[in-house]
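All remarks here apply to the structure that follows.
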Amino acid sequence: LAKAEGRGGYQLFATTLRDKFEEKANLERELRNAVASEAFAVHYQPQVSLQGGKVIGVEALVRWEISGRNVAPGEFLPVAEKAGLMPAIGRIVFAKAIRTGAEWHRAGIDFGRLSLNVSAQELREADFAGRLLDLLKAEGLPTRLVALEIVESVMLDDENSGIGLTLKRLRKAGIRLELDDFGTGYASLAHISANEVDRLKIDRRFVRDIDKNPANSKIVKAIIELARGLGISIVAEGAETDVELSWLHELGCPAVQGYGIAFPMPGSQAEAWLATHSAGPQRTDTSHVA
Ligand code: C2E
Ligand code: MG
Ligand code: MG
Ligand code: MG
């Protein structure tokens, strides 16, 4: 260490490192406060059928604002994971999202299915399945209106122990299981069967520039064919432009989620969006996804 002292480059590097460390420590402290005061919001992003634009689902996404700044999940969730705070954050998100879903259900608002993201750390909590089923019952949201989104690496857990049993129990109770960010993780094809998952979510990186990137369109086409062959449904993530939407339609992709359809929105805004889009096929402004 002493050797490098006095050299401008090292000094700069050391300062940056220390700043980064302090930043992380601050973020963790703020996260603990946020957990204690349940200061997380949930936004909802619609998923629609490419055959007519009908709403097939809404994904619940955690939001955290601290002193006027929106901290992205990609920034704070890894810190939460390291600090063991995922289960606590998940409980707050689930409580809010399930309450909202139950309200919509009671009000007759068609949202398809409520998709909840869940991490391995949350799934490993004692009696995760029992608590989720109790919560759904208490709030009045039927299990058939709920899906869990997991990333591929979660599937690698032994299917006959821990997480595997939890997921089996929840599926048996009627909750759908979806593989998020499909194509970017570590699941072997052995795990991709209709016995284990209900839907694959094609990762955004394959959707981006699908019109300009032949590899992407080939990958998307192959994933769609794979899923169809296995009897698993599909949704493409992150479709932003009309061109991407029509390419997905051309390739036979049945459903999409992305800024090109709608951004994630606060509950009240999502409710208004759902109310005007529940007519689906009759809408003229969804003609680009006809
Ligand atoms: P994800 O589950 O793959 O969610 C989709 C992400 O893509 C969201 O980012 C969404 O806002 C973003 N997105 C949707 N459409 C588009 C698009 O057209 N273009 C672009 N560029 N992005 C789009 P977000 O909300 O930042 O969340 C990031 C990740 O954090 C999620 O990825 C998920 O893995 C995780 N996450 C979010 N909320 C929760 C939660 O409540 N619990 C857990 N365990 N994880 C969560
Ligand atoms: Mg997701
Ligand atoms: Mg995803
Ligand atoms: Mg992701």
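Quick caveat, the model's predicted, so the values are computed rather than measured. Just so you know, ligand 1 is whichever comes first in the structure, and atom 1 is the first atom listed for that ligand. Starting from 1, each residue takes its place in the sequence as its number. Values reported hereafter were calculated over all heavy atoms of this structure, with side chains retained and with hydrogens, waters and symmetry mates removed.
- Contacts of V151 with ligand 1, taken as heavy-atom pairs under 4.0 Å, are absent altogether.
- Residue contacts with ligand 1, taken as heavy atom pairs separated by less than 4.0 Å, do not involve A72 at all.
- A donor-acceptor pair is defined here as one N or O able to donate and one able to accept, closer than 3.5 Å; no such pair exists between the side chain of E139 and the backbone of L136.
- For E75 and R69, the salt-bridge test passes: some basic side-chain N is under 4.0 Å from an acidic carboxylate O.
- Residue-level check: among N/O/S atoms of D181, OD1 sits closest to the Mg ion (ligand 3).
- Of all the atoms in ligand 1, the ones that sit under 4.0 Å from a non-hydrogen atom of G238 are 15 (N), 16 (C), 17 (C), 18 (O).
- Residues I109 and E271 approach most closely at CD1-CG, 3.5 Å, considering heavy atoms.
- A salt bridge links R169 with D127: the distance from a Lys NZ or Arg NE/NH1/NH2 to an Asp or Glu carboxylate oxygen falls below 4.0 Å.
- Taking every heavy atom of M86 and a limit of under 4.0 angstrom, the matching atoms of ligand 1 come to 44 (N).
- Counting only distance, with no hydrogens or angles, the side chain of E122 and the backbone of P87 share no donor-acceptor pair below 3.5 Å.
- Here L77 has side-chain heavy atoms under 4.0 Å from ligand 1, and that is the only part of it that gets that close.
- The shortest N or O to N or O distance between G260 and ligand 1 is not under 3.5 Å.
- One option in H43, K201, R63 has a heavy atom closer to atom 25 (O) of ligand 1 than any other, and that option is R63.
- Applying the salt bridge (charged side-chain N to carboxylate O under 4.0 Å, His left out) rule to R144 yields no partners; only residues at least two apart in sequence or on another chain are considered.
- Panel note: side chain E149, backbone N117; no donor-acceptor pair is recorded below 3.5 Å.
- Residue E237: no N/O/S atom is found under 2.8 Å from the Mg ion (ligand 2).
- Not one N, O or S atom of E149 sits under 2.8 Å from the Mg ion (ligand 3).
- The shortest N or O to N or O distance between Q257 and ligand 1 is not below 3.5 Å.
- Short contacts between ligand 1 and D180, defined as distances under 4.0 Å to a heavy atom of the residue, involve ligand atoms 1 (P), 2 (O), 3 (O).
- Residue contact check: Q45 has heavy atoms under 4.0 Å from atoms 14 (C), 15 (N) of ligand 1.
- Interface of P264 with ligand 1, defined as ligand atoms under 4.0 Å from a residue heavy atom, comprises 11 (O).
- The nearest N, O or S atom of D203 is not closer to the Mg ion (ligand 3) than 2.8 Å.
- Ion pairing between D209 and K212 holds under the 4.0 Å rule for side-chain N and carboxylate O.
- Within the structure, the closest approach of R208 to ligand 1 does not fall below 4.0 Å when heavy atoms are considered.
- Minimum heavy-atom separation, A97 to L114: O-CD2, 3.5 Å.
- Between D181 and R205 no salt bridge is recorded (no basic side-chain N to carboxylate O distance below 4.0 Å).
- For ligand 1, the atoms closer than 4.0 angstrom to any heavy atom of A239 are 18 (O).
- Proximity to E240 (heavy-atom distance under 4.0 Å) selects the following atoms of ligand 1: 17 (C), 18 (O), 19 (N), 20 (C), 21 (N).
- At a threshold of 4.5 Å between non-hydrogen side-chain atoms, the residues Q47 and K201 count as touching.
- Contact annotation: G90 has no heavy atom less than 4.0 Å from any atom of ligand 1.
- The Mg ion (ligand 2) has an N, O or S atom of D180 under 2.8 Å away, backbone or side chain.
- Distances shorter than 4.0 angstrom occur between a heavy atom of S119 and an atom of ligand 1.
- The Mg ion (ligand 2) has N117 among its coordinating residues (N/O/S atom, backbone or side chain, under 2.8 Å).
- Of all the heavy atoms of N117, the ones lying under 4.0 Å from any atom of ligand 1 are found in both the backbone and the side chain.
- Listed by first and then second residue, the side chain to side chain donor-acceptor pair (under 3.5 Å) pairs involving residues 219-232 amount to none (not counting sequence neighbours).
- The aromatic ring centroids of Y44 and W104 lie less than 6.0 Å from each other.
- When all heavy atoms are compared, the tightest approach of I224 to G252 is CG2-O, 3.9 Å.
- When non-hydrogen atoms are compared, ligand 1 lies under 4.0 Å from the backbone of L61 as well as from its side chain.
- The atom name of the N/O/S atom in E59 closest to the Mg ion (ligand 2) is OE2.
- The residues R91 and E125 are annotated as salt-bridged, a charged nitrogen and a carboxylate oxygen being separated by less than 4.0 angstrom.
- When E237, Q121, E122 are ranked by how near their heavy atoms come to atom 44 (N) of ligand 1, first place goes to E122.
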